[in-house]
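Order of the sequence lines sets the chain letters (A, B, ...), proteins ahead of strands, with each chain counted from 1.
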Number of protein chains: 2
Amino acid sequence: MTSKKEIMSYLKQEILSLALKPGSMISETALSERFQLSRTPIRDVLKQLSLEQYVDIYPKKGNLVSYIDLESVEQVIYLRNVLEKEIMKSLAGNIPLKGLHELRGNLAQQQQCIEQAEGAGLFLQLDDQFHRTMFGLAGREFLWGVLQQFNVHYIRYRKLHMLKDEKLATIQQEHQQLLDYIVQGDTTGIDELLHHHLRADIDSMNFQEHFATYIKK
Amino acid sequence: MTSKKEIMSYLKQEILSLALKPGSMISETALSERFQLSRTPIRDVLKQLSLEQYVDIYPKKGNLVSYIDLESVEQVIYLRNVLEKEIMKSLAGNIPLKGLHELRGNLAQQQQCIEQAEGAGLFLQLDDQFHRTMFGLAGREFLWGVLQQFNVHYIRYRKLHMLKDEKLATIQQEHQQLLDYIVQGDTTGIDELLHHHLRADIDSMNFQEHFATYIKK
DNA sequence: TATGATCATCTTGTATACAAGTTAGGATTC
DNA sequence: GAATCCTAACTTGTATACAAGATGATCATA
(Lines give C-alpha, C1' and ligand atoms only; values in the text may rest on other atoms or scores of the structure.)
Protein backbone atom coordinates (compact mmCIF):
# COMPACT_ATOMS: atom_id res chain seq x y z
CA MET A 1 0.00 0.00 0.00
CA THR A 2 2.79 2.36 0.90
CA SER A 3 5.60 2.85 -1.56
CA LYS A 4 9.29 3.04 -0.77
CA LYS A 5 9.47 6.72 -1.60
CA GLU A 6 6.63 7.51 0.75
CA ILE A 7 8.18 5.54 3.56
CA MET A 8 11.47 7.27 3.00
CA SER A 9 10.14 10.82 3.05
CA TYR A 10 7.97 9.89 6.01
CA LEU A 11 10.95 8.65 8.01
CA LYS A 12 13.07 11.60 6.95
CA GLN A 13 10.45 14.01 8.17
CA GLU A 14 10.07 12.19 11.46
CA ILE A 15 13.81 12.26 12.01
CA LEU A 16 14.29 15.89 10.98
CA SER A 17 11.40 17.03 13.16
CA LEU A 18 12.96 15.14 16.05
CA ALA A 19 9.75 13.15 16.46
CA LEU A 20 12.12 10.22 16.17
CA LYS A 21 14.78 11.06 18.73
CA PRO A 22 18.49 10.48 18.09
CA GLY A 23 19.41 7.09 19.43
CA SER A 24 15.97 5.62 18.80
CA MET A 25 16.05 2.20 17.32
CA ILE A 26 14.44 1.53 13.95
CA SER A 27 13.93 -2.17 13.53
CA GLU A 28 13.44 -3.59 10.07
CA THR A 29 10.78 -6.01 11.19
CA ALA A 30 8.88 -3.28 13.01
CA LEU A 31 8.78 -1.11 9.90
CA SER A 32 7.96 -4.17 7.86
CA GLU A 33 4.85 -4.89 9.89
CA ARG A 34 3.90 -1.26 10.20
CA PHE A 35 3.91 -0.58 6.46
CA GLN A 36 2.89 -4.06 5.37
CA LEU A 37 5.96 -4.60 3.24
CA SER A 38 8.62 -7.24 3.29
CA ARG A 39 12.00 -6.55 4.79
CA THR A 40 13.80 -6.29 1.47
CA PRO A 41 12.42 -2.92 0.31
CA ILE A 42 12.54 -1.67 3.89
CA ARG A 43 16.24 -2.45 3.94
CA ASP A 44 16.67 -0.47 0.75
CA VAL A 45 15.18 2.55 2.43
CA LEU A 46 17.31 2.17 5.55
CA LYS A 47 20.42 1.75 3.45
CA GLN A 48 19.76 5.02 1.71
CA LEU A 49 18.95 6.76 4.95
CA SER A 50 22.24 5.57 6.38
CA LEU A 51 24.17 6.92 3.39
CA GLU A 52 22.58 10.29 4.04
CA GLN A 53 23.46 9.94 7.72
CA TYR A 54 19.91 9.87 8.97
CA VAL A 55 20.55 6.44 10.42
CA ASP A 56 23.54 4.56 11.74
CA ILE A 57 23.58 0.86 10.95
CA TYR A 58 25.25 -1.37 13.50
CA PRO A 59 25.60 -4.76 11.85
CA LYS A 60 23.68 -7.52 13.59
CA LYS A 61 22.75 -5.10 16.33
CA GLY A 62 20.29 -2.62 14.92
CA ASN A 63 19.64 0.67 13.15
CA LEU A 64 19.72 3.80 15.28
CA VAL A 65 18.58 7.29 14.43
CA SER A 66 21.89 9.13 14.18
CA TYR A 67 23.01 11.43 16.94
CA ILE A 68 23.60 15.04 15.99
CA ASP A 69 27.22 15.40 14.90
CA LEU A 70 28.39 18.89 15.87
CA GLU A 71 31.49 18.54 13.72
CA SER A 72 29.29 18.05 10.69
CA VAL A 73 27.15 21.01 11.74
CA GLU A 74 30.13 23.31 11.93
CA GLN A 75 31.50 22.19 8.58
CA VAL A 76 28.17 22.54 6.80
CA ILE A 77 27.65 26.01 8.23
CA TYR A 78 31.07 26.99 6.97
CA LEU A 79 30.28 25.56 3.56
CA ARG A 80 26.99 27.44 3.37
CA ASN A 81 28.69 30.58 4.49
CA VAL A 82 31.40 30.43 1.88
CA LEU A 83 29.02 29.52 -0.91
CA GLU A 84 26.42 32.11 -0.09
CA LYS A 85 28.95 34.86 0.21
CA GLU A 86 30.09 34.12 -3.30
CA ILE A 87 26.59 33.69 -4.66
CA MET A 88 25.30 36.92 -3.18
CA LYS A 89 28.28 38.82 -4.49
CA SER A 90 27.57 37.43 -7.94
CA LEU A 91 24.00 38.68 -7.65
CA ALA A 92 25.00 42.06 -6.27
CA GLY A 93 23.81 44.83 -8.52
CA ASN A 94 22.26 42.66 -11.19
CA ILE A 95 19.55 40.67 -9.49
CA PRO A 96 16.54 39.92 -11.73
CA LEU A 97 13.44 41.89 -10.86
CA LYS A 98 11.28 38.80 -10.67
CA GLY A 99 13.66 37.20 -8.20
CA LEU A 100 13.77 40.32 -6.14
CA HIS A 101 9.98 40.32 -5.80
CA GLU A 102 10.01 36.70 -4.74
CA LEU A 103 12.61 37.34 -2.07
CA ARG A 104 10.83 40.41 -0.75
CA GLY A 105 7.59 38.46 -0.59
CA ASN A 106 9.35 35.74 1.32
CA LEU A 107 10.76 38.19 3.85
CA ALA A 108 7.32 39.69 4.35
CA GLN A 109 5.96 36.27 5.14
CA GLN A 110 8.79 35.71 7.58
CA GLN A 111 7.85 38.95 9.28
CA GLN A 112 4.22 37.85 9.57
CA CYS A 113 5.33 34.52 10.88
CA ILE A 114 7.25 36.18 13.68
CA GLU A 115 4.52 38.61 14.68
CA GLN A 116 1.85 35.97 14.82
CA ALA A 117 4.14 33.48 16.52
CA GLU A 118 2.84 30.68 14.37
CA GLY A 119 5.60 28.41 15.49
CA ALA A 120 9.13 28.26 14.26
CA GLY A 121 8.48 25.38 11.87
CA LEU A 122 7.02 27.59 9.19
CA PHE A 123 9.72 30.18 9.68
CA LEU A 124 12.49 27.69 9.11
CA GLN A 125 10.72 26.55 5.98
CA LEU A 126 10.59 30.11 4.69
CA ASP A 127 14.21 30.61 5.65
CA ASP A 128 15.19 27.61 3.55
CA GLN A 129 13.11 28.87 0.66
CA PHE A 130 14.86 32.24 0.87
CA HIS A 131 18.32 30.76 0.59
CA ARG A 132 17.27 28.27 -2.05
CA THR A 133 15.89 31.06 -4.21
CA MET A 134 19.23 32.82 -3.95
CA PHE A 135 21.02 29.71 -5.15
CA GLY A 136 18.55 29.33 -7.96
CA LEU A 137 18.95 32.89 -9.17
CA ALA A 138 22.69 32.41 -9.35
CA GLY A 139 22.33 29.20 -11.34
CA ARG A 140 23.55 27.11 -8.43
CA GLU A 141 20.51 25.02 -7.54
CA PHE A 142 22.72 21.97 -7.99
CA LEU A 143 24.88 23.07 -5.08
CA TRP A 144 21.80 23.71 -2.97
CA GLY A 145 21.04 20.06 -3.55
CA VAL A 146 24.53 19.12 -2.42
CA LEU A 147 24.02 21.03 0.80
CA GLN A 148 20.73 19.29 1.39
CA GLN A 149 22.41 15.92 1.34
CA PHE A 150 24.57 16.86 4.29
CA ASN A 151 21.91 18.67 6.18
CA VAL A 152 20.62 16.10 8.64
CA HIS A 153 22.77 17.26 11.50
CA TYR A 154 22.53 20.94 10.67
CA ILE A 155 18.75 21.00 10.35
CA ARG A 156 18.22 19.32 13.68
CA TYR A 157 20.78 21.50 15.38
CA ARG A 158 19.18 24.60 13.96
CA LYS A 159 15.78 23.53 15.10
CA LEU A 160 16.90 23.12 18.71
CA HIS A 161 19.13 26.16 18.68
CA MET A 162 16.55 28.52 17.27
CA LEU A 163 13.67 27.31 19.32
CA LYS A 164 15.82 27.81 22.34
CA ASP A 165 16.92 31.35 21.80
CA GLU A 166 14.19 32.66 19.54
CA LYS A 167 16.58 34.53 17.38
CA LEU A 168 14.08 34.56 14.59
CA ALA A 169 13.67 38.31 14.51
CA THR A 170 17.41 38.87 14.30
CA ILE A 171 17.72 36.47 11.42
CA GLN A 172 14.90 38.10 9.51
CA GLN A 173 16.47 41.51 9.90
CA GLU A 174 19.81 40.22 8.68
CA HIS A 175 18.14 38.78 5.62
CA GLN A 176 16.51 42.10 4.95
CA GLN A 177 19.84 43.83 5.22
CA LEU A 178 21.51 41.33 2.93
CA LEU A 179 18.89 41.83 0.28
CA ASP A 180 19.36 45.57 0.49
CA TYR A 181 23.10 45.20 0.04
CA ILE A 182 22.50 43.00 -3.00
CA VAL A 183 20.19 45.54 -4.58
CA GLN A 184 22.66 48.31 -3.93
CA GLY A 185 25.51 46.18 -5.20
CA ASP A 186 27.43 46.63 -1.96
CA THR A 187 29.73 43.62 -1.96
CA THR A 188 31.80 44.70 1.00
CA GLY A 189 28.63 45.06 3.05
CA ILE A 190 27.74 41.48 2.16
CA ASP A 191 31.19 40.31 3.14
CA GLU A 192 31.09 41.93 6.53
CA LEU A 193 27.57 40.88 7.44
CA LEU A 194 27.97 37.27 6.36
CA HIS A 195 31.25 36.98 8.15
CA HIS A 196 29.57 36.55 11.50
CA HIS A 197 26.08 35.69 10.29
CA LEU A 198 26.24 31.93 10.07
CA ARG A 199 29.15 31.60 12.42
CA ALA A 200 26.73 30.45 15.07
CA ASP A 201 28.25 29.75 18.43
CA ILE A 202 28.51 26.04 18.01
CA ASP A 203 30.91 25.62 20.83
CA SER A 204 28.57 27.26 23.26
CA MET A 205 28.69 24.84 26.15
CA ASN A 206 25.13 25.84 26.87
CA PHE A 207 23.86 23.92 23.88
CA GLN A 208 25.86 20.81 24.56
CA GLU A 209 24.61 20.67 28.12
CA HIS A 210 21.00 21.17 27.22
CA PHE A 211 20.81 18.56 24.51
CA ALA A 212 23.49 16.15 25.61
CA THR A 213 21.29 13.15 24.92
CA TYR A 214 20.93 14.16 21.26
CA ILE A 215 24.59 14.72 20.55
CA LYS A 216 27.21 12.39 19.17
CA LYS A 217 30.01 11.80 21.62
CA MET B 1 35.34 -14.98 -0.96
CA THR B 2 35.05 -11.36 -1.96
CA SER B 3 33.46 -8.91 0.46
CA LYS B 4 31.01 -6.18 -0.38
CA LYS B 5 33.55 -3.47 0.35
CA GLU B 6 36.06 -5.02 -1.98
CA ILE B 7 33.53 -5.36 -4.76
CA MET B 8 32.47 -1.77 -4.30
CA SER B 9 35.95 -0.28 -4.42
CA TYR B 10 36.75 -2.54 -7.33
CA LEU B 11 33.78 -1.34 -9.33
CA LYS B 12 34.44 2.26 -8.38
CA GLN B 13 37.96 2.03 -9.63
CA GLU B 14 36.88 0.42 -12.88
CA ILE B 15 34.32 3.13 -13.47
CA LEU B 16 36.60 6.03 -12.56
CA SER B 17 39.39 4.70 -14.72
CA LEU B 18 36.92 4.38 -17.60
CA ALA B 19 37.73 0.72 -17.90
CA LEU B 20 33.99 0.36 -17.56
CA LYS B 21 32.70 2.77 -20.13
CA PRO B 22 29.71 5.04 -19.55
CA GLY B 23 26.62 3.28 -20.81
CA SER B 24 27.99 -0.17 -20.10
CA MET B 25 25.49 -2.47 -18.49
CA ILE B 26 26.18 -3.98 -15.11
CA SER B 27 23.89 -6.90 -14.57
CA GLU B 28 23.23 -8.15 -11.06
CA THR B 29 23.33 -11.76 -12.08
CA ALA B 30 26.60 -11.27 -13.95
CA LEU B 31 28.27 -9.74 -10.91
CA SER B 32 26.68 -12.40 -8.76
CA GLU B 33 28.29 -15.20 -10.73
CA ARG B 34 31.57 -13.37 -11.13
CA PHE B 35 32.09 -12.77 -7.42
CA GLN B 36 30.32 -15.89 -6.22
CA LEU B 37 27.81 -14.01 -4.09
CA SER B 38 24.06 -13.95 -4.11
CA ARG B 39 22.20 -11.08 -5.68
CA THR B 40 21.16 -9.50 -2.40
CA PRO B 41 24.56 -8.13 -1.32
CA ILE B 42 25.32 -7.26 -4.93
CA ARG B 43 22.18 -5.17 -5.03
CA ASP B 44 23.34 -3.38 -1.88
CA VAL B 45 26.53 -2.41 -3.64
CA LEU B 46 24.74 -1.24 -6.77
CA LYS B 47 22.27 0.76 -4.70
CA GLN B 48 25.11 2.62 -3.04
CA LEU B 49 26.88 3.16 -6.33
CA SER B 50 23.71 4.64 -7.76
CA LEU B 51 23.36 7.03 -4.82
CA GLU B 52 26.86 8.24 -5.54
CA GLN B 53 25.98 8.50 -9.22
CA TYR B 54 28.39 5.90 -10.44
CA VAL B 55 25.47 3.93 -11.79
CA ASP B 56 22.02 4.71 -13.11
CA ILE B 57 19.36 2.19 -12.21
CA TYR B 58 16.58 1.76 -14.71
CA PRO B 59 13.93 -0.31 -12.95
CA LYS B 60 13.31 -3.67 -14.57
CA LYS B 61 15.62 -2.70 -17.37
CA GLY B 62 19.13 -2.69 -16.07
CA ASN B 63 21.94 -0.84 -14.37
CA LEU B 64 24.11 1.34 -16.57
CA VAL B 65 27.41 2.99 -15.81
CA SER B 66 26.42 6.65 -15.64
CA TYR B 67 27.24 8.97 -18.48
CA ILE B 68 29.43 11.95 -17.65
CA ASP B 69 27.16 14.81 -16.60
CA LEU B 70 28.83 18.06 -17.71
CA GLU B 71 26.42 20.10 -15.59
CA SER B 72 27.65 18.26 -12.51
CA VAL B 73 31.25 18.79 -13.62
CA GLU B 74 30.80 22.52 -13.93
CA GLN B 75 29.09 22.82 -10.56
CA VAL B 76 31.69 20.75 -8.76
CA ILE B 77 34.50 22.77 -10.28
CA TYR B 78 32.82 25.93 -9.10
CA LEU B 79 32.40 24.48 -5.65
CA ARG B 80 36.04 23.48 -5.49
CA ASN B 81 37.10 26.85 -6.73
CA VAL B 82 35.11 28.75 -4.13
CA LEU B 83 36.17 26.51 -1.29
CA GLU B 84 39.84 26.45 -2.16
CA LYS B 85 40.03 30.17 -2.58
CA GLU B 86 38.72 30.58 0.94
CA ILE B 87 40.89 27.85 2.34
CA MET B 88 44.08 29.13 0.79
CA LYS B 89 43.38 32.62 1.99
CA SER B 90 42.92 31.27 5.49
CA LEU B 91 46.31 29.59 5.21
CA ALA B 92 48.01 32.62 3.70
CA GLY B 93 50.84 33.82 5.88
CA ASN B 94 50.42 31.26 8.63
CA ILE B 95 50.88 27.88 7.03
CA PRO B 96 52.49 25.30 9.34
CA LEU B 97 56.06 24.44 8.43
CA LYS B 98 55.36 20.75 8.39
CA GLY B 99 52.52 21.20 5.95
CA LEU B 100 54.65 23.41 3.77
CA HIS B 101 57.27 20.71 3.48
CA GLU B 102 54.67 18.15 2.55
CA LEU B 103 53.27 20.36 -0.17
CA ARG B 104 56.68 21.20 -1.57
CA GLY B 105 57.55 17.53 -1.62
CA ASN B 106 54.37 16.81 -3.47
CA LEU B 107 55.09 19.44 -6.09
CA ALA B 108 58.57 18.03 -6.59
CA GLN B 109 57.07 14.63 -7.25
CA GLN B 110 54.64 16.18 -9.71
CA GLN B 111 57.58 17.72 -11.50
CA GLN B 112 59.34 14.36 -11.71
CA CYS B 113 56.17 12.75 -12.93
CA ILE B 114 55.97 15.20 -15.79
CA GLU B 115 59.60 14.95 -16.82
CA GLN B 116 59.61 11.20 -16.85
CA ALA B 117 56.22 11.02 -18.51
CA GLU B 118 55.15 8.20 -16.20
CA GLY B 119 51.60 8.53 -17.31
CA ALA B 120 49.01 10.96 -16.12
CA GLY B 121 47.44 8.57 -13.64
CA LEU B 122 50.08 9.16 -11.03
CA PHE B 123 50.03 12.88 -11.63
CA LEU B 124 46.31 13.11 -11.01
CA GLN B 125 46.79 11.16 -7.81
CA LEU B 126 49.44 13.61 -6.66
CA ASP B 127 47.23 16.51 -7.67
CA ASP B 128 44.43 15.18 -5.50
CA GLN B 129 46.84 14.68 -2.63
CA PHE B 130 48.01 18.27 -2.97
CA HIS B 131 44.54 19.71 -2.69
CA ARG B 132 43.55 17.31 0.04
CA THR B 133 46.53 18.34 2.13
CA MET B 134 45.42 21.96 1.77
CA PHE B 135 41.98 21.10 3.03
CA GLY B 136 43.48 19.16 5.90
CA LEU B 137 45.77 21.98 6.98
CA ALA B 138 42.79 24.32 7.14
CA GLY B 139 40.79 21.87 9.23
CA ARG B 140 38.40 21.18 6.38
CA GLU B 141 39.02 17.53 5.61
CA PHE B 142 35.32 16.97 6.10
CA LEU B 143 34.55 19.18 3.13
CA TRP B 144 37.12 17.38 1.05
CA GLY B 145 35.04 14.29 1.76
CA VAL B 146 31.92 16.10 0.61
CA LEU B 147 33.59 16.94 -2.66
CA GLN B 148 34.65 13.34 -3.14
CA GLN B 149 31.06 12.20 -3.02
CA PHE B 150 30.20 14.30 -6.03
CA ASN B 151 33.34 13.59 -7.93
CA VAL B 152 32.34 10.78 -10.29
CA HIS B 153 31.65 13.03 -13.21
CA TYR B 154 34.44 15.47 -12.49
CA ILE B 155 37.12 12.83 -12.13
CA ARG B 156 36.25 11.17 -15.41
CA TYR B 157 36.00 14.47 -17.20
CA ARG B 158 39.34 15.55 -15.84
CA LYS B 159 40.96 12.33 -16.92
CA LEU B 160 39.83 12.75 -20.52
CA HIS B 161 40.45 16.46 -20.60
CA MET B 162 43.97 16.33 -19.27
CA LEU B 163 45.09 13.34 -21.25
CA LYS B 164 43.93 15.11 -24.31
CA ASP B 165 45.70 18.40 -23.87
CA GLU B 166 48.53 17.47 -21.61
CA LYS B 167 48.22 20.57 -19.59
CA LEU B 168 50.00 18.89 -16.73
CA ALA B 169 52.95 21.24 -16.77
CA THR B 170 50.74 24.30 -16.65
CA ILE B 171 48.84 22.94 -13.68
CA GLN B 172 52.00 22.13 -11.81
CA GLN B 173 53.34 25.64 -12.33
CA GLU B 174 50.12 27.16 -11.10
CA HIS B 175 50.29 25.06 -7.98
CA GLN B 176 53.81 26.23 -7.41
CA GLN B 177 52.70 29.82 -7.79
CA LEU B 178 49.78 29.33 -5.44
CA LEU B 179 51.99 27.90 -2.76
CA ASP B 180 54.34 30.85 -3.12
CA TYR B 181 51.45 33.26 -2.68
CA ILE B 182 50.36 31.40 0.42
CA VAL B 183 53.81 31.58 1.96
CA GLN B 184 54.03 35.28 1.18
CA GLY B 185 50.52 35.86 2.50
CA ASP B 186 49.47 37.42 -0.79
CA THR B 187 45.69 36.93 -0.70
CA THR B 188 44.97 39.08 -3.72
CA GLY B 189 47.41 37.03 -5.75
CA ILE B 190 45.51 33.90 -4.73
CA ASP B 191 42.24 35.49 -5.71
CA GLU B 192 43.40 36.43 -9.15
CA LEU B 193 45.12 33.18 -9.98
CA LEU B 194 42.29 30.96 -8.79
CA HIS B 195 39.73 33.02 -10.60
CA HIS B 196 40.58 31.42 -13.91
CA HIS B 197 42.46 28.39 -12.65
CA LEU B 198 39.68 25.86 -12.31
CA ARG B 199 37.34 27.62 -14.69
CA ALA B 200 38.18 25.01 -17.26
CA ASP B 201 36.57 25.49 -20.60
CA ILE B 202 33.76 23.06 -20.06
CA ASP B 203 31.73 24.36 -22.88
CA SER B 204 34.52 23.79 -25.33
CA MET B 205 32.70 22.10 -28.15
CA ASN B 206 35.89 20.27 -28.84
CA PHE B 207 35.46 18.10 -25.80
CA GLN B 208 31.84 17.34 -26.42
CA GLU B 209 32.56 16.23 -29.95
CA HIS B 210 35.48 14.06 -29.02
CA PHE B 211 33.78 12.16 -26.23
CA ALA B 212 30.14 12.33 -27.30
CA THR B 213 29.57 8.69 -26.49
CA TYR B 214 30.59 9.25 -22.87
CA ILE B 215 28.42 12.27 -22.21
CA LYS B 216 24.95 12.54 -20.77
CA LYS B 217 22.55 14.07 -23.25
C1' DT C 1 26.16 -12.94 47.58
C1' DA C 2 28.87 -12.64 43.66
C1' DT C 3 30.27 -14.57 39.39
C1' DG C 4 30.31 -16.88 35.25
C1' DA C 5 28.46 -19.91 31.66
C1' DT C 6 24.57 -21.14 28.92
C1' DC C 7 20.89 -20.42 26.06
C1' DA C 8 16.68 -18.25 24.30
C1' DT C 9 15.66 -14.40 21.68
C1' DC C 10 16.56 -10.44 19.75
C1' DT C 11 18.91 -8.09 15.71
C1' DT C 12 20.62 -7.80 10.70
C1' DG C 13 23.00 -10.48 6.65
C1' DT C 14 22.40 -13.80 2.83
C1' DA C 15 20.40 -17.03 -0.40
C1' DT C 16 16.76 -18.21 -3.28
C1' DA C 17 12.25 -18.69 -5.30
C1' DC C 18 8.89 -16.11 -7.47
C1' DA C 19 6.51 -11.74 -9.37
C1' DA C 20 6.40 -8.48 -12.82
C1' DG C 21 7.97 -5.15 -16.21
C1' DT C 22 10.80 -4.68 -20.67
C1' DT C 23 12.59 -5.91 -24.92
C1' DA C 24 13.76 -8.07 -29.05
C1' DG C 25 12.76 -11.34 -32.41
C1' DG C 26 9.99 -14.36 -34.96
C1' DA C 27 5.59 -16.07 -36.53
C1' DT C 28 1.43 -14.68 -38.44
C1' DT C 29 -1.53 -12.09 -41.10
C1' DC C 30 -2.77 -8.76 -44.43
C1' DG D 1 7.13 -7.45 -48.52
C1' DA D 2 5.39 -4.87 -44.46
C1' DA D 3 3.09 -4.42 -40.30
C1' DT D 4 1.43 -6.35 -36.11
C1' DC D 5 0.97 -9.26 -32.41
C1' DC D 6 2.61 -12.65 -29.47
C1' DT D 7 5.88 -14.93 -26.92
C1' DA D 8 10.24 -16.25 -24.84
C1' DA D 9 14.17 -14.48 -22.63
C1' DC D 10 16.06 -11.24 -20.43
C1' DT D 11 16.09 -7.55 -16.62
C1' DT D 12 15.20 -5.92 -11.68
C1' DG D 13 11.68 -5.92 -7.56
C1' DT D 14 9.73 -8.53 -3.67
C1' DA D 15 8.81 -12.10 -0.29
C1' DT D 16 10.52 -15.44 2.68
C1' DA D 17 13.35 -18.96 4.79
C1' DC D 18 17.51 -19.54 6.94
C1' DA D 19 22.36 -18.18 8.75
C1' DA D 20 24.83 -15.97 12.12
C1' DG D 21 26.31 -12.46 15.33
C1' DA D 22 24.88 -9.73 19.69
C1' DT D 23 22.51 -9.37 23.96
C1' DG D 24 20.62 -10.10 28.23
C1' DA D 25 18.31 -12.98 31.53
C1' DT D 26 18.55 -17.02 34.06
C1' DC D 27 20.46 -20.56 36.45
C1' DA D 28 24.27 -23.06 38.38
C1' DT D 29 28.25 -22.79 41.13
C1' DA D 30 31.94 -21.13 44.02
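Look at CD on A:Glu28: it is 15 Å from P on D:dT16, rounded to the nearest Å. For the pair B:Ile57 CD1 and C:dT22 C1', the interatomic distance rounds to 16 Å; values are reported in whole Å. For B:Arg39 and D:dT14, the CZ to P distance is 11 Å, given to the nearest whole Å. As rounded to whole Å, 13 Å separates atom P of C:dT14 from atom CG of A:Asp44. We find that NZ of B:Lys47 is positioned 10 Å from P of D:dT14, with the value rounded to whole Å. We find that CD of A:Gln36 is positioned 10 Å from P of D:dA15, with the value rounded to whole Å. Rounding to whole angstrom units, CZ of residue A:Phe35 and P of D:dT14 are separated by 15 Å. Taking atom NZ of B:Lys60 as the reference point, atom C1' of C:dC18 lies 11 Å away to the nearest angstrom.
Salt-bridge annotation for B:Arg158 and B:Asp128: present, with a side-chain N of the basic residue lying under 4.0 Å from a carboxylate O of the acidic one.
Between A:Gln208 and A:Leu70 the shortest side-chain heavy-atom distance falls below 4.5 Å.
Contact annotation: A:Lys4 side-chain N/O to D:dT14 OP1/OP2 distance is under 4.0 Å. Taking 4.0 angstrom as the limit, B:Thr29 places a side-chain polar atom (N or O) nearer than this to OP1 or OP2 of D:dT11. OP1 or OP2 of D:dA15 lies within a sub-4.0 Å distance of a side-chain N or O belonging to A:Ser38. Contact annotation: B:Asn63 does not reach the phosphate of D:dT11 (side-chain N/O to OP1 or OP2, under 4.0 Å). Contact between the side-chain N/O atoms of B:Ser27 and the OP1/OP2 oxygens of D:dT11 is found at a separation under 4.0 Å. Taking side-chain N and O atoms only, B:Lys61 has a distance below 4.0 Å to OP1 or OP2 of C:dT23.
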Audit row: B:Glu86, A:Lys85, salt bridge (charged side-chain N to carboxylate O under 4.0 Å, His left out) steps and yes/no: CA-CA 11 Å; B:Glu86 202 69 21; A:Lys85 195 162 62 175; 3.3 Å; yes

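B:Leu64 comes within 4.0 angstrom of no nucleic acid atom, judged by non-hydrogen atoms across all strands. Across all strands shown, A:Ile42 has no heavy atoms under 4.0 Å from either base or sugar-phosphate atoms.
Comparing A:Met25 and B:Thr40, the nucleotide of DNA chain C nearest to each residue sits closer to the 5' end for A:Met25.
Of all non-hydrogen atoms in B:Lys4 and B:Val45, the two that sit nearest each other are O-CG2, 3.9 Å.
Here B:Phe130 pairs with B:His175 under the ring pair (Phe, Tyr, Trp, His ring centres under 6.0 Å) rule; sequence neighbours left out.
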